[in-house]
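First comes the structure, then the notes that go with it.
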Amino acid sequence: MFTDLRRALGLFELAPSRILMAVAAGVATLGSALTLAAVSAWLITRAWQMPPVLDLTVAVVGVRALGISRGVFRYLERLATHDTALRGMVSARTRLYEKLADGDAGATVTLRRGDVLARAGADVDVLGDVVIRAIVPICVSAVMMVAAVGLLAFISPTAALILALALVVAGVLAPVLAARSASIAESEGASARADFTEAAVRALDHGAELRVAGRLDETLAEASVSNRLSVRARDRAAIPGAFADAALPLSIGASVLGSLLVGTVLFGPSGGAAGSMTPMALAILVLVPLAAFEATAPLPGAAVALTKARVSASRIVGLLDESQFREKLRSRALGPVAGVGQLEAGSRIAVVGPSGAGKTTLLMQLAGLIPSEKHLDGARFFAEDAHLFDTSILENLRVARGEVDADEAFAALEAVGLGEWISELSGGIDTNLIGGARAVSGGQRRRLLLARALVSDAPVLLLDEPTEHLDDAGGGELLRRLLDRDGGVVDRAKTVVVVTHQLPIGTRADQVVDLGCSL
């Protein structure tokens, strides 16, 4: 049941020493609380007997020290757990991106954009919560529950048994109910949330186009329906969640009442006539359970975190399994492709046709993103709606090849007509695109995406509408240079396949495939 979770957490590369440090700090925190309860009980009952003040000095100092140490150890535990979790999330995202980049890109292309965002973003965050809310709290709680029951066993085995049963209810039954609540919310609500994310992203990114097409209201309505389904799932999940919340206070009350009854019987109505229980032991018997249940308080939340993490882990592992590693060949000899013809290294191919003719589908087949016999080894697909990240212009180009230096990047930007614009920016190539694509115009975005393709080391570039949103003159000139072996835009040794609605006059492409006629 937790196989996927173990595999996904493997991406985090969690250091055992850091986990042990966080657990030790958590045990010290709750140990201070447990010891504080016992020492306080002794101090209260001993002070009631009005002994010499010096007899209480050590206990008074101990209470103050334990009160301070509890806060200090809690702070150290938070530092250790968050440091471990954040380091793990950075490692997980890095390894996830690396595996997806080295694997079959079709695994991500076939997903909705909302799904990709959810798996690479929110799902990794959910797994990071496992360290903070599940792994460390569960280990700490197990240690402290055993310690509390053991402490009471020295005073009264019966009281210890009552405490153990109450801890089982609070530490096992409550988490099970909480997990059930989370399972309902995740199983029924995850799909609805993904639908909502996809519709919301579509409305935000393409609001203007959707309004022109008369589909904006439809998209907003789709998002609203998905949101309502998600809320309905949360409402159903609230029922077992309410019982889980009630289990803890009921367990505390039962344990304290049971300990008080046991202590009263042993202590006797006349101060010890019925047995061997001392006033100090009675106070410890009643107060220690209150501190012991502090260890079980995080367990329902831990169960919820584990349940959510299992669902997220399944999505991440499923994505990785679909994205099997494939060796990237760098062969200069390319085989025949149905509908395109014999491709030679350095050739320039233009694919034209009306919308809906299958131009983009053909490119995706050539890239291997869609299973097909038309696959070309070494081909890399550059989509027209590729993402621009909220980072520098240089880093946005390094998406295609991480070792691109500033000179290479500027040469590519100059080749696509952005050299003057870059030179006018105060930060030059290191200027941050705040908001990603929102920081540039449609034409600048297309040129930036084309520059990203140019710095790629792929021997075959598959370009989907690279000059869309450019003015007729500028777009036509750039397209002519792209399809000219001597155009100076793309290395002569690289093969270029360009999809476009219409070719400008004077294009020197080696082959033109008109899907409107030939297919």
Side-chain angles (χ1 to χ4, degrees), residues 105-106 109 326 328-386 400-401 412 415-417 446-447 449-470 472 474-519:
V109 173
R326 63 176 180 172
K328 295 183 178 180
L329 301 178
R330 292 294 180 263
S331 173
R332 293 176 61 88
L334 302 176
V337 179
V340 176
Q342 180 74 28
L343 292 185
E344 297 179 354
S347 60
R348 302 293 191 263
I349 311 297
V351 181
V352 298
S355 298
K359 302 187 298 299
T360 301
T361 300
L362 174 61
L363 288 192
M364 296 177 72
Q365 290 175 338
L366 295 177
L369 302 179
I370 297 177
S372 171
E373 295 180 356
K374 300 178 181 181
H375 170 64
L376 291 175
D377 291 327
R380 185 164 182 180
F381 174 65
F382 292 89
E384 61 175 329
D385 60 347
R401 182 161 59 90
V416 300
R446 288 297 174 137
R447 293 180 188 270
L449 293 176
L450 179 56
R452 178 189 289 173
L454 297 184
V455 300
S456 166
D457 56 1
V460 183
L461 302 182
L462 307 176
L463 308 177
D464 189 9
E465 300 285 0
T467 58
E468 189 77 7
H469 298 304
L470 300 184
D472 291 341
E477 176 60 24
L478 183 56
L479 196 55
R480 278 190 288 268
R481 293 174 61 201
L482 278 173
L483 293 172
D484 187 347
R485 295 194 187 207
D486 299 319
V489 178
V490 184
D491 190 322
R492 286 180 56 88
K494 292 186 176 183
T495 301
V496 179
V497 181
V498 175
V499 155
T500 184
H501 282 90
Q502 186 174 3
L503 282 177
I505 298 175
T507 301
R508 299 178 59 185
D510 297 309
Q511 182 181 357
V512 177
V513 179
D514 188 347
L515 297 185
C517 298
S518 60
L519 292 183

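We use all heavy atoms of the structure for the numbers below, so side chains are in, but hydrogens, waters and symmetry mates are not. Bear in mind that the values here come from a model prediction, so they are computed numbers and not experimental data.
Pairs passing the salt bridge (Lys or Arg N to Asp or Glu O under 4.0 Å) check and including a residue from residues 498-509, sequence neighbours excluded, read Asp484-Arg508. Within the structure, every pair that satisfies the salt bridge (Lys or Arg N to Asp or Glu O under 4.0 Å) test and touches residues 491-505, not counting sequence neighbours, is listed here: Asp486-Arg492.
Judged by distance alone, with hydrogens and angles left aside, the side-chain atoms of Thr507 form no donor-acceptor pair with the main-chain N or O of Arg480 at under 3.5 Å.
Rounding to the nearest 0.5 angstrom, the gap separating the CZ atom in Phe381 from the CG atom in Leu366 is 10.0 Å.
Ala350 pairs by the side chain to side chain contact (heavy atoms under 4.5 Å, CB included) definition with Leu483, Leu503, Ala509, Val512, not counting sequence neighbours. Legend: residues meeting side chain to side chain contact (heavy atoms under 4.5 Å, CB included) with Ala412, ordered by chain and number and at least two apart, are Ala451, Leu454, Val455. Partners of Arg348 by side-chain hydrogen bond (donor to acceptor under 3.5 Å, both in side chains), not counting sequence neighbours: none found. Residues satisfying the side-chain hydrogen bond (donor to acceptor under 3.5 Å, both in side chains) criterion with Arg452, sequence neighbours excluded, are Asn396. Residues that satisfy the salt bridge (Lys or Arg N to Asp or Glu O under 4.0 Å) test with Arg446, not counting sequence neighbours, are Glu384. Under the side chain to side chain contact (heavy atoms under 4.5 Å, CB included) criterion, Arg481 pairs with Glu477, Val489, not counting sequence neighbours.
Closest non-hydrogen pair, Ser456 versus Phe382, comes out as CB-CZ, 3.6 Å.
Checked against Val498 for a side chain to side chain contact (heavy atoms under 4.5 Å, CB included), the options Val490, Val351, Leu479 give a single hit: Leu479.
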Which pairs of donor and acceptor atoms, one on a side chain in residues 460-468, lie under 3.5 Å apart (sequence neighbours left out)?
from, atom 1, to, atom 2, distance (Å)
Asp464, OD1, Thr360, OG1, 3.4
Asp464, OD2, Thr360, OG1, 3.0
Glu465, OE2, His501, ND1, 2.8

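Side-chain contact check for Ser347 versus Arg485: some heavy-atom pair is nearer than 4.5 Å.
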